[in-house]
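Report on one structure; see the data block that follows.
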Amino acid sequence: MTTDVDSKAAIAPAVAAFGISKRFPGVIANDDVNFDVRVGEVHALLGENGAGKTTLSNVLTGLYRPDAGHLEMAGQRVSFDSPRAAIDAGIGMVHQHFRLIPTFTVAENIALGAPMVGEGRLMRMSNIEERIAELGEQFELRVDPTARIWQLSVGEQQRVEILKVLYRNATTLIMDEPTAVLTPLEADALTATMRSLTRQGRSVIFISHKLGEVLSVADRITVLRQGRSVATMDAAGSTRESLANVMVGREVERVQRRGTGALPGAPVVLDVHDLSSDGDRGLAALRSVSFSVRGGEVVAVAGVAGNGQRELVEVLAGLRPRTSGQIDVDGEVMDRADARHPIRMGVAYVPQDRLGTGLAPDLSIAENLVLKRYRRPPVARPPFLRSSVINAEADELMERFDVRAPSSQTPTRRLSGGNVQKVLLAREMSGNPKVLVVSTPTQGLDIGAVATVHQLLLDAAASGVGVLLVSEDLDEVLALADRIIVMYEGGITGVVDAQDATVASIGMLMGGGQSSEEVA
Amino acid sequence: MSIASRVGLRLEPRVENPRWMNWVVPIGSFLTALLVGAVLLLITSQNPISVYQRILERGFLDSGSLSGTFISATPLLFTGLCAAVAFRVGFFNIGGEGQFYVGAVFASGIALALGADAQSWIAVGAMVLAGAVGGAFWAFIPGILRARFRTNEIITSLMLNYVAGIGATYLIFESDSFWRELGGTGAVFPKGKIIPLTAQWPSFNLGSLVVPFGLVLGALIAVWLHVLQKRTRFGYEMRVVGGAPSTARYAGMRPSRVIVSVAMISGALAGLGGAADVGNFRHVLDPKGLQQSGFGYAGIVVAALARLNPLAVVFVAIILGGITNAGYALQGPDFPAGLVGTLQGLILFCTLGGEVLVRYRIINTRRQVRAVAAS
Ligand SMILES: Nc1ncnc2c1ncn2[C@@H]1O[C@H](COP(=O)(O)OP(=O)(O)OP(=O)(O)O)[C@@H](O)[C@H]1O
Ligand SMILES: [Mg+2]
């Protein structure tokens with residue numbers, strides 16, 4: 001179908017948007033957006049948090065109806081009433097939050113809700129599996145069709161999501177921040193898949209905040225700014241700096257740690273000794289980990305996801321029982337596995353899953369900001385809450401941390417990624433913590449927001465807080481940390497001073513110090 | 001190809017939920033039910049306008065009718081609050097029915113135990129307490145089962161309705177229990193002992209209007225619940241636990257504890273309804289009558305129509321109570337028997353339909369097919 005496209009389709013773009021506008025109460029999410037995706041290209045959408053990228057994808061996939069403007073596919077005007085209409089027309093969305101049933105097999109998940117293949121009404125699993133294997137072969141998406149979802153890694157689950165839309169014959173795939181959840185190796189595999197898709201005449205709309213990635217995989221780039229499409233350019237000839245400039249409209253400076261180490265004479269605020277714990281499946285996930293953090297210090301925990309980092313931070317936050325070991329916070333023993341205890345002792349925690357764990361998405365910004373202080377005065381006058389105090393504090397914190405939202409009464413689920421993270425950091429840092437544990441704090445944030453968050457973390461350290469930063473992003477780790485702890489299979493394989501660290505030396509430790517026998 | 005797609009309509013989940021839906025949808029559901037009811041009446045060659053007019057008169061407008069409506073509304077008010085508060089935190093308590101019976105058993109038990117010599121306010125107070133405790137106890141069972149063993153509360157609370165119904169029947173019909181009247185005609189026809197006069201709940205007279213103590217109590221509790229949910233720490237915990245359980249755990253709340261507490265509050269409300277039923281109206285434990293009324297299940301309709309808002313529950317209970325009351329008053333050869341039941345069924349059906357409309361939008365697939373064909 002790709003080799004002998006007729007001349008008209010070869011000129012007409014696969015998908016084009018003309019003057020798309022979409023309003024939400026108080027915001028114009030898309031404002032006269034124009035762009036087109038050529039057949040066989042990777043077209044990147046760039047823009048700050050809240051620029052309207054996801055909204056535009058939702059318009060393209062029929063989830064939202066635009067207030068103005070129209071879409072064309074191969075030169076023909078189309079309009080979608082529902083996601084099903086869009087997929088029937090060939091536009092498929094690869095969701096960032098996977099919508100898979102864990103106990104079903106890959107093939108069952110893919111067949112679910114898809115039109116039947118072939119004649120007759122019986123669903124033949126073997127036919128479906130065969131077709132999936134074919135597609136996998138064709139587009140470099142290797143995954144066992146008979147495997148059950150819960151057995152798969154995050155990267156493999158994403159492949160299933162991609163196969164799901166390919167199985168429905170999508171010709172244009174929209175991927176909204178697909179690499180945010182992937183390890184570097186998995187991200188490389190995804191890049192290969194995108195190349196293979198476009199080689200075979202499919203088109204990809206690729207949304208990412210990682211400029212390096214965008215430059216290496218995209219053919220053309222459209223930048224959105226405050227809902228408007230401000231420019232479309234070729235990736236060849238663009239640089240990080242030029243893209244950042246168009247996106248933000250100013251230079252963005254990368255934040256770099258300048259001070260070195262703990263403040264003079266600063267006490268150890270977090271001392272972890274011989275800590276072990278089990279993972280979700282009951283197997284040992286954290287094995288005899290010991291380290292300490294001094295006030296004013298930024299200690300990074302580096303490692304490929306799934307090597308015990310999650311278990312470590314959850315034990316520190318009192319959300320997971322430990323099987324052995326001792327934790328001291330500012331000289332006091334933390335002895336109860338209970339989330340209230342660490343909060344009282346001054347351990348602030350910014351979890352990786354911001355809207356699922358860190359915030360209550362349906363509650364307002366103001367209500368979320370008091371999530372850890374609602375029990376005591378001045379927020380509470382038991383048994384009541386004082387909404388005047390809550391709202392006044394919210395206004396002040398939103399000002400101080402530059403949270404951009406229509407008002408403090410906006411539900412947090414309406415916020416863009418960067419603002420969600422700012423709300424979380426505002427809450428955790430305003431509680432005067434001694435230790436700040438942050439897990440992948442800049443995942444999904446735009447370059448400006450990344451700089452802001454990095455600066456906030458360094459400010460916290462400068463004020464004497466001990467910061468424990470868990471991250472897979474080595475650039476981030478190297479830019480912020482004083483010391484780097486590398487974890488592999490639940491244990492610490494090395495502690496490196498940031499001055500002596502290089503990407504190569506840390507990468508080596510992340511693989512267990514051995515030759516890489518990495519699972520993708 | 002499914003039937004729905006052949007018809008050309010399909011449901012898609014809504015992404016945005018405009019605010020006006022909160023009140024337009026329930027009112028719309030209610031009016032739709034009346035409209036469908038009117039069609040039914042026309043088919044049975046009745047004049048819907050005159051029937052509805054009579055319901056309006058006998059339920060609300062005629063002198064004395066509102067007093068009767070209040071009596072019918074009282075149990076619905078309590079069971080409506082019971083469902084509304086539990087559903088808010090995602091605890092689907094279908095057991096209002098059983099909790100209502102247990103409340104009635106406890107309240108009548110304490111009234112009989114205190115006897116005729118107790119001071120009235122003590123007897124009434126004790127009944128209120130006993131009813132609440134009985135209902136709370138009955139709801140505690142599905143609550144703790146869910147918290148400890150993750151059992152589905154819909155099933156456990158529903159099953160417990162049957163247990164409570166059979167238990168209450170046993171007390172009056174199959175045993176010589178403390179509740180049963182063994183003397184007089186009671187020796188032949190099983191029935192409960194009448195509670196002493198001092199334990200019978202008062203009613204307040206406002207001119208010609210009679211307001212039962214139970215209704216006043218229920219309305220006060222509705223206000224209390226509203227304040228609890230909107231203004232207190234516990235209400236805040238309810239909202240976090242109901243919407244984001246793992247965030248609640250992260251913040252140091254104890255979701256299980258909140259859910260069990262809410263389950264017990266919910267049960268206590270239904271139990272209070274049972275107490276009010278004995279104290280204000282029946283003055284006796286009447287298992288057959290209770291089971292025929294189905295107040296617990298009707299409460300779920302009330303809560304749904306009120307969109308789980310406690311203050312709205314008061315109004316909805318009075319409206320549905322008025323229809324029920326008019327049904328009693330109008331029973332007779334010229335009034336279709338079963339109309340009230342049918343109407344209530346229609347209201348439930350339309351309310352659920354309305355909820356579907358809140359969550360989903362209806363799509364015309366025909367139009368879509370054309371749009372795709374054009375491409
Ligand atoms: N359902 C909604 N209701 C109200 N406002 C919304 C809704 N969805 C998005 N918005 C608002 O529209 C704007 C654009 O949001 P969108 O999610 O499209 O941004 P984005 O470019 O995808 O950002 P990010 O990089 O953070 O994912 C934001 O201001 C957001 O708050
Ligand atoms: Mg987005």
Side-chain angles (χ1 to χ4, degrees), chain A residues 24-25 58 62-64 71-86 88-90 115-116 314 317-319 338-344 349 351 353 355-363 367-368 370-376 379-387 390 413, chain B residues 1-2 4-5 8-20 88-90 224 227-258 261 360-375:
Chain A
F24 292 114
N58 287 336
L63 200 60
Y64 295 150
L71 303 175
E72 286 183 9
M73 290 184 71
Q76 301 277 345
R77 205 177 163 122
V78 291
S79 80
F80 306 130
D81 278 336
S82 70
R84 175 113 23 138
D88 288 346
M116 298 292 160
E314 286 181 359
L319 292 169
D338 166 339
R340 265 185 217 189
H341 199 46
I343 294 172
R344 264 192 229 124
Y349 169 44
D353 185 4
L355 282 174
T357 304
L359 297 166
D362 289 336
L363 267 56
E367 287 174 307
N368 269 290
V370 296
L371 189 68
K372 288 189 171 171
R373 293 180 293 134
Y374 75 94
R375 240 175 259 113
R376 294 157 186 236
V379 174
R381 187 194 288 133
F384 296 104
L385 290 177
R386 297 164 69 186
S387 49
I390 294 175
R413 81 184 130 80
Chain B
M1 193 179 252
S2 71
S5 57
L9 294 177
R10 212 181 55 239
L11 295 175
E12 284 281 335
R14 255 178 216 284
V15 186
E16 304 148 85
N17 251 329
R19 243 189 213 178
W20 52 262
R88 257 285 139 84
V89 294
W224 173 76
V227 173
L228 181 81
Q229 290 181 349
K230 287 262 142 78
R231 301 242 170 273
T232 68
R233 291 191 302 188
F234 186 72
Y236 179 76
E237 290 179 345
M238 279 176 68
R239 269 177 291 148
V240 178
V241 169
S246 64
T247 302
R249 220 165 293 121
Y250 158 82
M253 298 176 186
R254 279 133 198 178
S256 305
R257 220 179 273 184
V258 172
S261 311
Y360 300 89
R361 54 201 172 102
I362 296 176
I363 305 265
N364 185 344
T365 43
R366 291 251 173 81
R367 203 147 56 85
Q368 233 167 251
V369 171
R370 247 181 278 130
V372 173
S375 68

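Atoms considered below: every heavy atom in the structure, side chains included; atoms not considered: hydrogens, waters and symmetry mates.
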Residue among B:T232, B:L228, B:V240 with most heavy-atom pairs under 4.5 Å to chain A: B:T232
Distance, nearest 0.5 Å, that separates NZ of A:K372 from CZ of A:R344: 13.0 Å
Do A:D338 and B:R254 come close enough that some side-chain heavy atom pair is under 4.5 Å? yes
If you count every heavy atom of other residues, nucleotides or ligands that lies below 6.0 Å from B:R257 atom CZ, does the total exceed 12? no
Pairs of heavy atoms under 4.5 Å with chain B: top-ranked of A:G318, A:A339, A:P383: A:P383
Please state whether the rings of B:Y236 and A:Y374 are parallel, tilted or perpendicular, taking 30° and 60° as the class boundaries. tilted
Max heavy-atom pairs within cutoff under 4.5 Å with chain B, candidates A:G90, A:G356, A:A317, goes to A:G356
Criterion side chain to side chain contact (heavy atoms under 4.5 Å, CB included) against B:T247, the qualifying member of A:L371, A:L355, A:L363: A:L371
Contacting region of A:T357 [heavy-atom separation from chain B under 4.5 Å]: both
Turns out that what part of A:E72 lies under 4.5 Å from chain B's heavy atoms comes down to neither
So what's closer than 4.5 Å to chain B heavy atoms on A:R375: side chain, backbone, both or neither? both
Just wondering, are more than 12 heavy atoms of other shown residues or ligands nearer than 6.0 Å to CZ in B:R231? no
Let's test your reading of the structure: which of A:L359, A:V379, A:D353 forms the most heavy-atom pairs below 4.5 Å with chain B? A:L359
